[in-house]
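What follows is one structure encoded as structure tokens, with my remarks underneath.
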Protein chains: 2
Amino acid sequence: MVVVTPPLERRSESNDVVRLIDLFHEVLRASLRELHPTLTKEGITMGQFWAIHTVSSLQGASVSTVARYLGVSAPTVCGNIDQLEDAGLVRRHRSERDRRAVELSLTPRGRKVEARIWSEIAGVMAEAARGLPETDVAASVRVFTAVTHRLSRSGTLRPEGT
Amino acid sequence: MVVVTPPLERRSESNDVVRLIDLFHEVLRASLRELHPTLTKEGITMGQFWAIHTVSSLQGASVSTVARYLGVSAPTVCGNIDQLEDAGLVRRHRSERDRRAVELSLTPRGRKVEARIWSEIAGVMAEAARGLPETDVAASVRVFTAVTHRLSRSGTLRPEGT
DNA sequence: TATTGTTATACTCTATAACTATA
DNA sequence: TATAGTTATAGAGTATAACAATA
């Protein structure tokens, strides 16, 4: 791992935070590497996977809702959904109440693909986290939950408002 | 935040791990959003920032060393360094011992830019982590350190060997 | 007028392949 | 023959702008 040289003059209590960010970046890269073969095998991309996950979590979500949640533009999600629909993993149908909107849902096959990928991820991560104290993992969840809340508060859900 | 619906039939101890991944994804997106304006202001991209950070951490590193560390291809790093050199943030000079290799170093201006960006990141994250128990943050660092080690072990440092 | 979804288009990032020069 | 760096090129991924249908 890259050794964190002090990037700040002061070496205050924020050092732990900087270290955490560096670790975060490494875990990110390593996770993407691990996940890549699985996604390739299923024939979908990272963006498509997160689209599937969001459609699955938010039942009956629209394109723009998914876009807001993932923090990407509507055309990006639209393209992802196009491909997922072609692959038979996601269904579109016009909303009855607001005929501009499109309601998204997973097909049975889409649900199976999502489950397989999550299962693969969980296996890899469980392996990587094996033997770690439950209390430490729980503490990480607490930290990330809190950080997520505050970041998404201040972030005001771009990228529309650039 | 996206509610994690049970993606696995079994709801075993791996549930915490799945939750952690979902949180991880959210923190990632939120962090990138936070960081984007700062990087734009400094006139560099995310990839260029990590290149600067790696050059700074690994004193006298070569292009290929940086590429291996970041898990990206040599041409990508080469391009990043090109732009950073044009911007006057990084210097190249041929190694004396192996005249194929290029040794990289930050210019004084490059060091200032790195410090400013880290300072900004640390500020944002410290704000986001404010009030959290020190012990929880420390536990997160332990978890991420362990996970990083095991993931980079099994990952065998692609993307050359695809 | 504002909003949803979509299409058209351009730009950035990244990778593979091919080339040069050293070893 | 292998390695370090570079150049050329192509493919993903994403965003902005413009458009159609609906509210």
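So you know, we letter chains A, B, ... as the sequences are listed, proteins then strands, and number each from 1.
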Between C1' of D:dA12 and CG of A:D82, the distance in whole Å: 16 Å

Counting only side-chain heavy atoms from C-beta out, which of C:dT14, D:dG5, C:dT7 sits nearest to B:T76? C:dT14

To the nearest Å, give me how far apart CD1 (B:I44) and C1' (C:dT12) are. 15 Å

Rounded to whole Å, the NE2-C1' distance (A:H36 to C:dA15) equals 10 Å

Assign the ring pair A:F144 / B:F144 to parallel, tilted or perpendicular, where the plane angle (0 to 90°) is split at 30° and 60°. parallel

Test side-chain contact (heavy atoms from CB on, under 4.5 Å) applied to B:L84 and B:V55, B:V90, B:V113, the passing residue: B:V90

The side chain of A:A74 lies closest to which of these nucleotides: C:dT6, D:dA4, D:dA15? C:dT6

If I take atom CG in residue A:D98 and atom P in nucleotide D:dA20, what distance separates them, rounded to the nearest angstrom? 19 Å

Contact nearer the 5' end of DNA chain C, comparing B:R100 with A:A101: A:A101

Separation of atom CZ in A:R97 from atom P in D:dT22, rounded to whole Å: 17 Å

Return the value, rounded to whole Å, for the distance between atom CE of B:M46 and atom C1' of D:dG13. 15 Å

Measuring from the side chain of B:P75 (C-beta onward, heavy atoms only), which nucleotide among C:dT16, C:dG5, C:dC13 has the closest atom? C:dT16

Take B:T76 and B:S73, measure what side-chain hydrogen bond (donor to acceptor under 3.5 Å, both in side chains) needs, and give me the verdict at the end. CA-CA 5 Å; B:T76 295; B:S73 70; 3.0 Å; yes

Nearest whole Å is fine: how far is D:dA12 P from A:N80 CG? 14 Å

B:Q83 vs A:S62, nearer the 5' end of DNA chain C by closest nucleotide: A:S62

N or O in side chain of B:S64 less than 4.0 angstrom from D:dG5 OP1/OP2: yes

Can you confirm whether the side chains of B:T148 and B:T145 place a donor and an acceptor under 3.5 Å from each other? no

Determine to 10° how strongly the helix from C:dT1-D:dA23 to C:dA23-D:dT1 is bent, judged from the axes of its five-pair ends. 0°

Main-chain N/O of A:L104 paired to A:R91 side chain as donor or acceptor, under 3.5 Å: no

Would you call A:I121 and A:F49 a side-chain contact if the rule is heavy atoms closer than 4.5 Å? yes

Do the side-chain N or O atoms of A:R92 get closer than 4.0 angstrom to the phosphate oxygens (OP1, OP2) of C:dT6? yes

Please report the distance, rounded to the nearest Å, between CZ in A:R99 and P in D:dT22. 6 Å

Going by atom types only, do B:T65 and B:S62 share a side-chain donor-acceptor pair under 3.5 Å? yes

